[in-house]
Protein chains: 2
Amino acid sequence: MITLTEENYLKTILVLSMEKGYVPVHVLSQELNVKMPTANSMMKRLADKELVYFEPYKPIRLTEKGKTEAALILRRHRLTETFLFERMGLGWEHVHSIAEQIEHIQSGLFFDRMDEMLNFPETDPHGEPIPTKEGVILPSSRTRLSNHKEGETVCFTAVNDSSEEFLRFLNNKNLKLGTAIKIESIEPYDGSLTVSYDDRQEILSKMVADKMLVT
Amino acid sequence: MITLTEENYLKTILVLSMEKGYVPVHVLSQELNVKMPTANSMMKRLADKELVYFEPYKPIRLTEKGKTEAALILRRHRLTETFLFERMGLGWEHVHSIAEQIEHIQSGLFFDRMDEMLNFPETDPHGEPIPTKEGVILPSSRTRLSNHKEGETVCFTAVNDSSEEFLRFLNNKNLKLGTAIKIESIEPYDGSLTVSYDDRQEILSKMVADKMLVT
DNA sequence: ATAATAGATTAGATTAATCTAACAATAGAA
DNA sequence: TTCTATTGTTAGATTAATCTAATCTATTAT
């Protein structure tokens with residue numbers, strides 16, 4: 001049996017290790033708002049349960065079993081966020097903290113029904129992939145806008161930052177998911193991009209281009 | 001701060017004390033599937049927090065504060081049950097255990113939205129009253145069918161037992177909420193009733209008539 | 001190369017929620 | 001009224017999840 005708290009650790013490790021494949025203890029503890037010894041002793045527990053690999057003074061890695069468990073929690077989280085947003089009309093700014101709680105509900109039926117009502121979505125409204133029922137996270141084949149070259153045309157499909165401010169910024173520029181964006185030029189000094197879309201031209205800072213995911 | 005477990009105790013005390021106004025420790029512990037000493041020490045905690053009145057060897061009573069808190073938990077429970085049933089199409093047999101978990105979600109917004117989507121219902125689909133946002137339980141003015149006399153005509157508005165078997169039984173007899181029932185006669189020996197409704201006549205045992213609430 | 005700093009671990013304490021075993025009180029029956 | 005069975009309480013232990021204080025390891029800068 002995995003406790004609610006253990007679930008939170010697993011999900012956080014998964015999200016934090018998406019890039020590098022592992023997480024140092026202090027990063028995990030910071031993210032979860034607990035002190036390092038707390039995270040440390042929890043890692044021993046999760047290692048006993050064969051959910052993580054953990055050796056003294058080395059960073060944390062999920063085992064296959066741990067990865068699957070974590071993906072299923074992430075699935076419930078994103079499914080719930082999508083449901084709260086699309087079927088209950090709650091604002092994005094509220095959706096996350098409620099989903100953090102609902103993701104721990106023990107009921108396959110409940111989440112299956114959500115899935116059904118949402119027509120088995122593959123991504124959440126932010127474009128983040130929803131892991132499958134088997135606990136597999138399909139690679140979203142998305143890259144950062146800032147990773148592309150001059151002359152390329154890409155499709156804006158997701159964001160990296162769900163803060164209200166950022167979403168408002170995108171709204172102001174009329175940058176919607178699905179918009180085709182052409183990179184006209186890149187400023188070598190600060191990495192800012194001149195882009196065109198919908199018959200308009202804008203300059204986006206590197207900070208912004210880092211947060212925009214495209215295909 | 002009231003913990004999740006404390007919430008479960010409060011809600012259970014409220015439900016169990018609906019009739020008599022108080023609950024003995026052993027009844028509470030049985031209902032919650034914990035041993036008596038566990039319930040006992042929890043009562044000390046709740047008494048410290050001024051949520052219950054509790055003196056050694058005397059039964060438990062809720063304080064006003066405790067009653068309000070408990071009613072708000074019951075509100076969330078019944079609102080959730082109604083939502084799962086009416087808006088998500090889940091069966092009654094599944095709805096209770098999921099609502100037991102969701103009732104503890106910390107988010108006024110979430111429950112307000114449910115309330116709104118359900119058009120501010122006053123009772124759940126079983127006819128049980130949903131306490132108000134202020135934590136007031138409006139008396140439902142319902143009585144047991146078995147408390148009525150020969151010749152009376154009453155409206156069947158709620159049940160006392162949500163078991164699948166009982167609901168199936170009612171279904172078989174075509175006894176739906178809202179049905180007008182006339183009591184033709186009462187058998188003095190075993191208390192069974194001869195009733196008529198929808199142009200048919202049936203005999204209901206006392207056991208059944210105890211579980212049917214009417215106005 | 002060594003000292004300073006950042007990061008990780010150990011030891012020991014705390015609180016919530018539970019248990020078992022042993023003891024105490026109350027109420028109903030003889 | 002006294003005994004016995006039911007109900008309630010105390011004491012002490014356990015597990016999960018957290019903390020602080022002290023210590024250890026590793027990396028980085030001089």
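Any value given below was found using the heavy atoms of this structure, including those in side chains, with hydrogens, waters and symmetry copies removed. Chain naming here is simple, since letters A, B, ... match the order of the sequence lines and numbering starts at 1 in each. Since the structure is predicted, the reported quantities are computational estimates derived from the model, not experimental observations.
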Protein-nucleotide distance ([X], atom [atom1]; [N], atom [atom2]), rounded to Å:
{"X": "A:N8", "N": "D:dA16", "atom1": "CG", "atom2": "C1'", "result": "14 Å"}
{"X": "B:E6", "N": "C:dA16", "atom1": "CD", "atom2": "C1'", "result": "9 Å"}
{"X": "A:Q30", "N": "C:dA8", "atom1": "CD", "atom2": "P", "result": "10 Å"}
{"X": "B:M1", "N": "C:dA16", "atom1": "CE", "atom2": "P", "result": "13 Å"}
{"X": "A:E55", "N": "C:dG7", "atom1": "CD", "atom2": "P", "result": "21 Å"}
{"X": "A:K58", "N": "C:dG7", "atom1": "NZ", "atom2": "P", "result": "19 Å"}
{"X": "A:I2", "N": "D:dA16", "atom1": "CD1", "atom2": "P", "result": "14 Å"}
{"X": "B:E31", "N": "D:dT7", "atom1": "CD", "atom2": "C1'", "result": "18 Å"}

Protein-nucleotides 19-23 of chain C N/O pairs closer than 3.5 Å?
{"residue": "C:dC19", "atom": "OP2", "partner": "B:K35", "partner atom": "N", "Å": "3.0"}
{"residue": "C:dC19", "atom": "OP2", "partner": "B:T38", "partner atom": "OG1", "Å": "2.5"}

For a quick test of reading the model: is some side-chain N or O of B:H26 closer than 4.0 Å to OP1 or OP2 of D:dT6? no
Does the side chain of A:Y9 get closer than 4.0 angstrom to OP1 or OP2 of D:dA16 through an N or O atom? no
Sidechain-backbone polar pair: A:R78 side chain, A:D124 backbone, donor-acceptor under 3.5 Å: no
Below 4.0 angstrom, N of the basic side chain to O of the carboxylate: do A:E7 and A:R76 qualify? yes
Between A:R168 and A:E165, does any side-chain N to carboxylate O distance fall below 4.0 Å? no
What does A:K44 touch in the nucleic acid at a heavy-atom separation under 4.0 angstrom: a base, only the sugar-phosphate, or nothing? sugar-phosphate
Could you go through residues 49-58 of chain B and list every donor-acceptor pair under 3.5 Å that involves a side-chain atom there, pairing it with any protein atom two or more places apart or in another chain?
{"residue": "B:K49", "atom": "NZ", "partner": "B:M1", "partner atom": "O", "Å": "2.9"}
{"residue": "B:K49", "atom": "NZ", "partner": "B:E6", "partner atom": "OE1", "Å": "2.9"}
{"residue": "B:K49", "atom": "NZ", "partner": "B:E6", "partner atom": "OE2", "Å": "2.9"}

Can you name the residues that form a ring pair (Phe, Tyr, Trp, His ring centres under 6.0 Å) with A:H96, not counting sequence neighbours? A:H77
Between protein and nucleotides 24-27 of chain C, what N or O pairs are separated by less than 3.5 Å?
{"residue": "C:dA25", "atom": "O4'", "partner": "B:Y57", "partner atom": "OH", "Å": "3.4"}

Any pair with a residue in residues 85-102 of chain A that passes salt bridge (charged side-chain N to carboxylate O under 4.0 Å, His left out), sequence neighbours left out, goes on the list, sorted by first then second residue, please. A:K11-A:E100
Under the side-chain contact (heavy atoms from CB on, under 4.5 Å) test, which residues partner B:F166, sequence neighbours left out? B:V159, B:D161, B:S163, B:F169, B:L170, B:V208, B:K211, B:M212
Any side-chain donor paired with an acceptor under 3.5 Å for A:T143 and A:H148? yes
After noting the C-alpha distance and the side-chain angles of A:I98 and A:T80, does the key distance pass the side chain to side chain contact (heavy atoms under 4.5 Å, CB included) rule? CA-CA 8 Å; A:I98 303 173; A:T80 303; 5.7 Å; no
